[in-house]
Amino acid sequence: MPINNDDIADVLTELADLLEIQGANTFRVRAYRNAARTVSSLSEDVGGYISSGKDLSDLPGIGKDLAGKIEQILGTGSLPMLEDLKKEVPEDLSRLLDVGGLGPKRVATMYKELGVESLDDLEKAAKDGKIRDLEGFGKKTEESILEGIQRVKQQKRGRIRLDKADRIAEPLLEYLRKNDDIKSLDVAGSYRRRKETVRDIDILATCKKGTDVMKYFSDYEDVEKVVAEGETKSSVLLRSGIQVDLRVMPQVSFGAAMVYFTGSKEHNIALRKIAIRKKWKVNEYGIFKGDDRLAGKTEEEIYDRLGMAYVPPELREDRGEIEAAQKDKLPDILQQDDIRGDLHCHSKYTDGHNTIEEMAKAAKDLGYDYMAMTDHSKRVTVAHGLKPEDVERQIAEIDKLNKKLKDFTILKGTEVDILKDGSLDLPDETLEKLDIVVCSIHSYFDLSRSEQTERVIKAMKNKHFNILGHPSGRLINEREPLQLDMEKIVKAAKDNGCFLEVNSHPDRLDLTDINCKMAKDMGVKVVISTDSHQVNHLDYIRFGVSQARRGWLEKKDVLNTHTLKQLHSMLKKK
DNA sequence: GCCGTTTTCGGCCCGACTGTTTTCAGTCG
């Protein structure tokens, strides 16, 4: 089985977990974690990276030793060092780190003193009252461990999708805004960076002195448990299981705090290293030279003082944005207003909830110039996929509607299935009557990597193939992505004049940010579509846009930022 | 284990909160 970047990152992370429990040097542990991160955010396969003659140790955080280990993992899927480590430290022990409040030191103590090796062992030890007697532990720790175990069992500590986070954050912000003592209020964290999933929600506020904003926060009706409550920082768990942190900062530090709490952690570390070189210090209160505050009030001031351009939140991942900002070469990333139409929509003809006309009017109301009607093909029987004669019927209706609509065009399209053998689910004579052909996989998700990759590449060779719909097929938190060699897919898209979709549905967000960047780097344009099944799904475009922004895409990199005329000529194949 | 405008050793981001202590270690972000 081929080893991909995520597999390598998983092995490195497991090494870091076990080393940490074993009490290894914390910086050594950090080195493994840094390397895992570098590998998983690499926009090409490690295998391809090596075979193209490049040196792994040129990558940040990877030296001679780790480069060697990564090559070993690539060859065998594991590492003798990891196998040896597992003999010394029970593998399951790393799962205990998922329990809130437990870190490597405590896990190691409980293992050594009580022989705790698993969640079940831990629960038993806590229930038997054995943990409270350990040195450095106590009754409260024991109780919080029991609570933490319940949370892990209910899987309440996982990452939640961005749309759900929106639904949680918005009413909470509205509640906080009602408090007159709060002056400024903003959300930071991965939520602000618009990551596809978030673990918690970070809120930042400034307020009048001597007020009890923290108490007001804890009194929010959805709070299940107050995890911590201090003067400047409070954390609560909401009933939905998500944690919300509130930080109260002085106004003069608001910008520094926004940078700090927006993260990412890696981006912050990189900023601090720049400050250290200048003999300054950066923290959430500002940039300091000794006791003098050099900057802090706004984010712009912070970046400016550090000698770089303002970095939009979506780019703050330490994936090259720091260097680009220092050279003033950041991409001018896409804005939602740049989108001129939606190129993947369904109607009542298949599994949509609205008529073509209703969808078109809703799209026009958003200010769009065009929309493509792309209902399913016959293979998708559960969605009442269209046969060639149904497509003809739909074409006739669209022709009629287009005569009626002013300053708006409905493009005739399909979301045709890519069958197991790489052929398309509608005949060429039907496809050639359409303006746009989106091709997607809805079956045989478990083919091997080479078979799946070949299947897609064969489909792309069909001259009617325009766009690969939801390329990886993943459903966030529900279904793993298809085994695909994305580098080969992107290359095939380039060779065959195809485009790749960023499906904006918040349970897909597919392409990923990293693959968006890969497509851009390899010169393939993407399409940002919603896959709307009803009019109010059209609004999902904002999730796709932020995904594309995270992938460094500019207006010119996106097909549906172009005018209808340009679009037609870009879709046409020789 | 990595890294170098303090460059092959000696650092490695920084601060808040909790629980267990009586000055601080551990965890978290």
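Letters A, B, ... are given to chains in the order of the sequence lines, protein chains preceding strands, and every chain is numbered from 1.
Ion pairing between Asp513(A) and Lys517(A) fails under the 4.0 Å rule for side-chain N and carboxylate O. A salt bridge is defined here as a Lys NZ or Arg NE, NH1 or NH2 lying under 4.0 Å from an Asp or Glu carboxylate O, and Arg194(A) with Asp166(A) meets this definition. Between Glu554(A) and Lys520(A) a salt bridge is recorded (basic side-chain N to carboxylate O distance below 4.0 Å). With salt bridges taken as basic N to acidic carboxylate O contacts below 4.0 Å, none links Glu20(A) and Arg28(A).
A straight line from NZ of Lys140(A) to P of dA25(B) spans 21 Å, rounded to a whole angstrom. As a whole-Å value, the separation of Phe137(A) CZ from dT21(B) P is 11 Å. Here the P atom of nucleotide dC28(B) and the CG atom of Leu237(A) are 13 Å apart, to the nearest Å. Rounded to an integer number of Å, the gap from CD1 of Ile276(A) to P of dT5(B) is 13 Å. The CZ atom of Arg33(A) sits 13 Å away from the C1' atom of dC28(B) (whole-angstrom rounding). Atom CZ in Arg132(A) sits roughly 13 Å away from atom P in dT21(B) (whole-Å rounding). In this structure, Asp318(A) places its CG atom 12 Å from P of dC13(B), rounding to the nearest Å. If you measure from atom CD1 of Ile145(A) to atom C1' of dG26(B), you get 12 Å, rounded to the nearest angstrom.
When each of Val282(A) and Glu142(A) is assigned the nucleotide of DNA chain B bearing its nearest heavy atom, the one mapping closer to the 5' terminus is Val282(A). In terms of position along DNA chain B, the nucleotide closest to Trp280(A) lies nearer the 5' end than the nucleotide closest to the other residue of the pair Val107(A) and Trp280(A).
Comparing dT7(B) with dC12(B), their C1' atoms are spaced 15 Å from each other, to the whole Å. Separating the C1' atom of dC28(B) from that of dT22(B) is a span of 24 Å, rounded to the nearest Å. Spacing of P atoms, dA16(B) relative to dT21(B), comes out at 24 Å, to the nearest Å. For the P atoms, the distance from dG4(B) to dT8(B) is 12 Å, rounded to whole Å. On the C1' atoms, dT27(B) is 16 Å away from dC13(B), given to the nearest whole Å. If you take atom P in dT6(B) and the same atom in dC2(B), they sit 23 Å apart, rounded to whole Å. Going from the P atom of dG26(B) to that of dT20(B) covers 14 Å, rounded to whole Å.
Of all nucleotides listed (dC17(B), dA16(B), dC13(B)), dC17(B) comes nearest to the side chain of Ala228(A). Minimum atom distance to the side chain of Asp245(A) is reached by dG29(B), of the listed dG1(B), dG29(B), dA16(B). Taking only side-chain atoms of Lys105(A), from C-beta outward, the nucleotide of dG29(B), dG26(B), dG1(B) with the closest atom is dG26(B). Between dC13(B), dA16(B), dG26(B), one nucleotide has an atom nearer to the side chain of Arg247(A) than all others, and that is dA16(B). The listed nucleotides are dC12(B), dG19(B), dT6(B); the one nearest the side chain of Lys279(A) is dT6(B). Distances from the side chain of Phe27(A) to the nucleotides dC14(B), dC12(B), dG29(B) place dC12(B) closest.
Using cut-offs of 30° and 60° on the angle between ring planes, the pair Tyr216(A) and Tyr175(A) is parallel.
For the pairing with Arg550(A), the salt bridge (charged side-chain N to carboxylate O under 4.0 Å, His left out) check across Glu196(A), Glu317(A), Glu321(A) returns one residue only, Glu317(A).
Shown here, dG4(B) forms a base pair with dC9(B); the pair counts as Watson-Crick or G-U wobble because both key distances fall under 3.5 Å.
Side-chain N/O atoms of Ser144(A) include none lying less than 4.0 angstrom from OP1 or OP2 on dG19(B). Neither OP1 nor OP2 of dT18(B) sits under 4.0 Å from any side-chain N or O of Thr141(A). Checking the phosphate oxygens (OP1, OP2) of dG1(B), a side-chain nitrogen or oxygen of Arg28(A) falls inside 4.0 Å. Contact check, Asn283(A) against dG15(B): a side-chain N or O comes under 4.0 Å of OP1 or OP2. Side-chain N/O atoms of Lys233(A) include none lying less than 4.0 angstrom from OP1 or OP2 on dT18(B). Dashed line: the shortest gap from a side-chain N or O of Lys281(A) to OP1 or OP2 of dG15(B) is under 4.0 Å. In terms of phosphate contacts, Arg30(A) brings a side-chain nitrogen or oxygen within less than 4.0 Å of OP1 or OP2 of dC13(B).
Side chain to side chain, Ser118(A) and Asp92(A) fail the donor-acceptor criterion of an N or O pair below 3.5 Å. Side chains of Glu229(A) and Ser218(A): a donor-acceptor N/O pair is present below 3.5 angstrom, by distance only.
The residue Leu271(A) sits apart from the nucleic acid: no heavy atom pair falls under 4.0 Å. At the heavy-atom level, Asp65(A) lies under 4.0 Å from the strands shown only through sugar-phosphate atoms. Using a 4.0 Å heavy-atom distance criterion, Glu135(A) is classed as making no nucleic acid contact. Among the protein residues, Tyr32(A) comes within range of the sugar-phosphate backbone only, with heavy atoms under 4.0 Å from sugar or phosphate atoms but none that close to a base.
Checked by distance alone, Tyr285(A) brings no side-chain donor or acceptor within 3.5 Å of a matching partner on the base of dG15(B).
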